[in-house]
Protein chains: 2
Amino acid sequence: MLKKERHDSIMRQINLHNRVLTSDLVQLLSVSEDTIRRDLQELAERDQLYKVHGGALSKSYQSSFDDSTVYAKEAKIIIAKKAITLIKDGMVILTGGGTTIIEMVKQLPENLHATFFTISPFVAIELANYPRVEVILIGGLFSKNSQVTYGGHVINQLSEISPDLCLLGTSALHPNDGLTDTDWEINQLKKTMLNCSKKTAVLCISEKLNISLRLKVAPITNIQYLITELPTTDPQLDDYQIKSLQIL
Amino acid sequence: MLKKERHDSIMRQINLHNRVLTSDLVQLLSVSEDTIRRDLQELAERDQLYKVHGGALSKSYQSSFDDSTVYAKEAKIIIAKKAITLIKDGMVILTGGGTTIIEMVKQLPENLHATFFTISPFVAIELANYPRVEVILIGGLFSKNSQVTYGGHVINQLSEISPDLCLLGTSALHPNDGLTDTDWEINQLKKTMLNCSKKTAVLCISEKLNISLRLKVAPITNIQYLITELPTTDPQLDDYQIKSLQIL
DNA sequence: ATTAAACACGCAATTAAACGCAAAATAAGT
DNA sequence: ACTTATTTTGCGTTTAATTGCGTGTTTAAT
């Protein structure tokens, strides 16, 4: 088996399971441990995965779990400040969850007058500090992992609203594969959020760029704004310079 | 399981719960106590948590779940422990918001298997720690004062469910006037919650007894359980000794 | 003071990683 | 096609990391 095939296979396993054991890969690909180790090392050098003792982890896995030590907070504040330029008085806005969105909420102007729909209790609680903001928490099953509401009931309610702007945190963004995710239910949810909104902005710290996960949410052409902490001219963003997408 | 996964899992527990017991982690991650201790030590060295005898504490106490300032906490814990005796495996339960209810949630047995509907995001977040509990957050307008969802949408959804038990925190309870409140919308809400549930338990610290507010929610005969921090024989409860009301 | 739980320390067993080297495979040039 | 240069791989060995257990000590609660 060619090295490149092995690497692809390893990346597939990682995207599929968020983690992989060296020993499993040895069996799966029937090569020696040394080879796997060398492969993992190489992929780690290319920033495609996170190497740990005993195996490797998905790079995006990192932040899906640690949601407290607010990872890359500086970057998220920069993103937040860019994002609020999209928000005008009187708008109806739909948001997902995640630390990036919460950072954004904290940066909102004191006297903003707007209506927010959200699937995240944390976002709702944070928004409650703004006297002129109307907050509607969309109810449904509560996801223990993502800490947002999800499921059919949420989807139904989303189909009844038509916000001006949808603000979405991301697990992964890729120039070709667009927005992807790992969880089926959250995937459905994000799809619906995107579809019901007039415009969509994706908030994405740069390390989540060029990553592609198992489940496809939407092609990049369905997104109108991409917001990262990088300057708009940064070469990392070159692959995203397409006409339908405005980079902030 | 990889060490980093363990660490993330531990941090997640801490961020959600603000505290964690070594023994719980041993069970949760099925490794020896030594391993957990070494993990905690490592995380403590990295300033990610405070290590204490028996477990560890969150380093950042800033969360909205800071319960160190909860008023009359001791009393509320007593109430909580009484309340959970009403909860059996398999039940469908509806809860309101408030610190008393949150204290109760924190006291629930680790392996409770039940379905909870709630109008409080805080309660939902806290319930999310219980692996076998299904949490449904009832969505709607989010009240800045009471930090619960309210309004027509909530009322509608309540009318579609029929929980076995409704757990209600109280603003005021009076032998003649029953359950009363000050806010019109919250009042409507509590009425509906009471009506849709098969039985209702009122959680009430003793200092809120014998108080009557402007708006009537329900007569005392509509309530099945009264839970206070007092012993059931306390003279303060004499006025509430009626046949339809069980005092815990 | 007594007792049980929690802890720290060292040890040994297991497992993973790193290193050097030679065989095998691949690519390149004649 | 044949040889040479380069890369890749597997093996043996060494080194490091991780874990669980036994033992004795500390801590907290009664």
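With salt bridges taken as basic N to acidic carboxylate O contacts below 4.0 Å, none links B/E42 and B/R38. With respect to the salt-bridge test (charged N to carboxylate O, under 4.0 angstrom), the residues B/D8 and B/R12 do not qualify.
Within 4.0 Å of A/V52, counting heavy atoms only, lie sugar-phosphate atoms of the nucleic acid but no base atom. At a threshold of 4.0 angstrom between heavy atoms, the contacts of B/S23 with the nucleic acid are absent.
A/L2 has its CG atom 8 Å from the P atom of C/dT26, to the nearest Å. Rounded to an integer number of Å, the gap from CD of B/E42 to P of C/dA8 is 14 Å. Look at NE2 on B/H53: it is 13 Å from P on D/dT26, rounded to the nearest Å. Rounding to whole angstrom units, CG of residue B/L25 and P of C/dC7 are separated by 11 Å. Protein atom CG of B/L29 is 16 Å distant from nucleotide atom C1' of D/dG20, rounded to whole Å.
Side-chain atoms of B/D34 and base atoms of D/dC21 include a donor and an acceptor less than 3.5 Å apart.
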(request) With side-chain contact (heavy atoms from CB on, under 4.5 Å) as the test, would you mind laying out the steps for B/F116 and B/V123 before giving the verdict? (result) CA-CA 10 Å; B/F116 276 80; B/V123 170; 5.7 Å; no
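Regarding contacts with the backbone of D/dG10, a side-chain N or O of A/T35 is found under 4.0 angstrom from either OP1 or OP2. The shortest distance between the side-chain N/O atoms of B/K3 and the OP1/OP2 oxygens of D/dT18 is below 4.0 Å. Distances shorter than 4.0 Å separate some side-chain N or O of B/K51 from OP1 or OP2 on C/dA8. OP1 or OP2 of D/dC21 has not a single side-chain nitrogen or oxygen of B/R37 nearer than 4.0 Å.
In this structure, D/dT30 and C/dA1 make a Watson-Crick or G-U wobble pair, each of the two defining distances being under 3.5 angstrom.
The number of heavy-atom neighbours closer than 6.0 Å to NZ of B/K81, taken from other residues, nucleotides and ligands shown, is 12 or below.
Closest to the side chain of B/R38, from the set C/dG10, C/dC7, D/dA17, is C/dG10. Candidate nucleotides D/dG10, C/dA6, C/dA16 were compared by shortest atom distance to the side chain of B/E33, and C/dA6 ranks first.
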